[in-house]
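Step one of this worksheet: look at the structure below.
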Amino acid sequence: MERDFPEDFLWGAATAAHQVEGFNVASDWWAAEEAGLLPHRSGAACRHLERFEEDFELARRYGHNAHRLSLEWARLEPRPGVFDAEAFAHYARVLAALRARGLEPIVTLQHFTLPRWLAERGGWLASDAIERFARYVAEVARALGSGIRWWLTVNEPTVLAKHGYVTGDWPPFRRGRWDLAMRVIARMIAAHESAYRVLHEILARPLVSFAHSLPWIEPCDPGRWRDRAAAALRRWFLCDSCFWLVRERGRPLLDFVAVNYYTRSIVRWRARGRALLFGVDCLDPHHGDRRRFDELGQEVWPEGLYRTLCRCARLGLPILVTENGIATTDDGLRIEHLSEHLRALARARAEGVDVRGYLYWTLFDNYEWARGFTAHFGLAALDPENGERRPRPAMELFARVARSGRLPRTEEAGEAA
Ligand code: IFM
């Protein structure tokens, strides 16, 4: 029977060091957690630091042929200019464990957390942040880089800027500082560019991008110019600013587009306060078709993945879905979410969009930043008592699609639920 996805399509899950490893003590997040500035502590997280072999085995057993992970800058360079040989040896073992199981590594160099020493100097706004990042990237490329094809320099600059400098619920807890948020985005894109050059200098033909959070954004009432303006402004800030900044002489300094897609935002204009710039979210469950929301209040809207992929295709580069998932303990909803998003993905591919892989967020429930362990994104559930990983039905469905390259039939999706 004909396949919906090619043999070499990448199938896997995405994780990030601070969310799964545990005891990330030299990072800014750990410092903020210990100081009581965050509502939840990561602590031992999922003990992935010790359990990585068993975790990769789980992924392999469930049909994955790729895995996105992040290297923790704070572990690798716990003090400025001092690189930790044991941390490098650890990640060499991690990468070897992936390869031994036929899992293609997709490596993120910085996923939200920063070394504490850099955060104390201003984080991405420190005058030497970009130079420091480039030096760290060069060390990683030389020590660990051979054989790694897929690289993500930084993760979701707009999300970090929004939480750290506008809503102020993440380190460094600044509120309403749109000016700083915009500067952070620009600095992170500059950091991406210097990392891009470093990786291309040191390695043979790496594929380099940054992971971009791309919600689908639309006006609440397309007939009202104010809603349209609020949506356009939000789209520019959250989605397009990064692509605009990363253009060098008209060409984006990217080898592929890394799409993190979760949700749609329906935006309504409001005349006062912070919302003046950004609009407010319309959460009306009766707006348009039946609307479904996850534990974080994010709407499940698979059509948005299709539209986002078509929009990104205009950049003329291959695309990797580097994150897509849902926070829920409802197995039926997770199955629905997964099968509908895979259909959206297959539709985009069938229309010629060059998508090379799909990475589910995430392998097992983990530390969801300021929400701690209260959001359940995992293909497997995490037992809080003993850390056991228990595959959910969606993990079985994922395995079937990954192994066969074929979309689930409607009754198969129903059975899995
Ligand atoms: O957990 C996060 C991840 O770190 C970045 N992208 C969104 C995920 C789910 O909220």
Side-chain angles (χ1 to χ4, degrees), residues 12-22 24 27-30 32-33 38-42 45-46 48 55 67-74 106-114 152-164 167 169-171 184-185 188 192 209-217 238-239 242 257-265 281 293-301 304-305 308 320-329 333-334 337-338 341 358-382 394:
T15 59
H18 189 75
Q19 295 178 266
V20 294
E21 286 181 349
N24 187 16
S27 69
D28 58 341
W29 269 76
W30 185 271
E33 290 164 24
L38 284 156
H40 302 272
R41 292 182 177 195
S42 54
C46 311
H48 178 69
D55 291 338
H67 184 73
R68 177 179 170 210
L69 74 161
S70 75
L71 307 181
E72 185 55 57
W73 186 1
I106 294 152
V107 172
T108 315
L109 288 155
Q110 192 261 337
H111 191 119
F112 292 155
T113 46
L114 287 173
L152 297 161
T153 52
V154 294
N155 184 66
E156 300 182 344
T158 53
V159 174
L160 185 68
K162 183 178 114 190
H163 284 287
T167 54
D169 52 336
W170 289 9
V184 165
I185 293 171
M188 288 181 76
H192 157 80
S209 191
F210 65 92
H212 196 4
S213 166
L214 290 164
W216 183 261
I217 297 173
L238 290 184
C239 305
C242 287
V257 187
V259 172
N260 291 1
Y261 173 79
Y262 287 88
T263 193
R264 140 171 98 167
S265 306
D281 285 311
F293 295 90
D294 76 357
E295 290 172 336
L296 299 181
Q298 303 199 104
E299 184 181 5
V300 176
W301 202 59
L305 177 60
T308 300
L320 201 56
V321 177
T322 40
E323 288 183 28
N324 174 239
I326 179 171
T328 185
T329 51
L333 183 58
R334 189 183 303 281
H337 174 282
L338 178 62
H341 281 81
Y358 175 83
L359 304 169
Y360 192 84
W361 185 271
T362 180
L363 191 54
F364 40 80
D365 296 340
N366 58 44
Y367 178 76
E368 177 57 27
W369 308 110
R371 308 294 283 253
F373 293 94
T374 64
H376 305 88
F377 275 101
L379 283 172
L382 183 81

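Order of listing sets the numbers, starting from 1, for every ligand and every atom in it.
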Counting each atom of ligand 1 from 1 as listed, which ones have a heavy atom of His111 under 4.0 Å away?
-> 3 (C), 4 (O), 5 (C)

Atoms of ligand 1 less than 4.0 Å from Phe112 heavy atoms?
-> 4 (O), 5 (C)

Taking atom CG of Leu152 and atom CZ of Arg68, what is their separation to the nearest 0.5 Å?
-> 5.0 Å

Side chain His376, main chain Ala381, donor-acceptor under 3.5 Å = no

Can you tell me how far the NE2 atom of His48 sits from the CG atom of Asn366, to the nearest 0.5 Å?
-> 10.0 Å

Counting both backbone and side chain atoms, is some N or O of Asn260 under 3.5 Å from an N or O of ligand 1?
-> no

Ligand 1 atoms nearer than 4.0 angstrom to some heavy atom of Asn155 are 5 (C)

Does a donor on one side chain and an acceptor on the other come within less than 3.5 Å for Glu72 and Thr113?
-> yes

Nearest neighbour in protein (non-hydrogen) for atom 1 (O) of ligand 1 | Glu368 OE1, 2.6 Å

Does the ring center of Phe373 lie less than 6.0 Å from the ring center of His40?
-> no

What do you reckon, does Asn366 put a non-hydrogen atom under 4.0 Å from ligand 1?
-> no

Considering only the protein, which heavy-atom contact is closest to atom 7 (C) of ligand 1, and what is its distance?
-> Glu323 OE1, 3.1 Å

Is the Trp369 ring parallel, tilted or perpendicular to the Tyr367 ring (thresholds 30°, 60°)?
-> perpendicular

In ligand 1, which numbered atoms sit nearer than 4.0 Å to a non-hydrogen atom of Phe377?
-> 9 (C), 10 (O)

Does the separation of the ring centres of Phe112 and Trp170 fall below 6.0 angstrom?
-> yes

Answer side chain, backbone, both or neither: which part of Val159 comes under 4.0 Å from ligand 1, heavy atoms only.
-> neither

Taking only heavy atoms of Trp369 into account, list the atoms of ligand 1 that are under 4.0 Å away from them.
-> 1 (O), 2 (C), 3 (C), 4 (O)

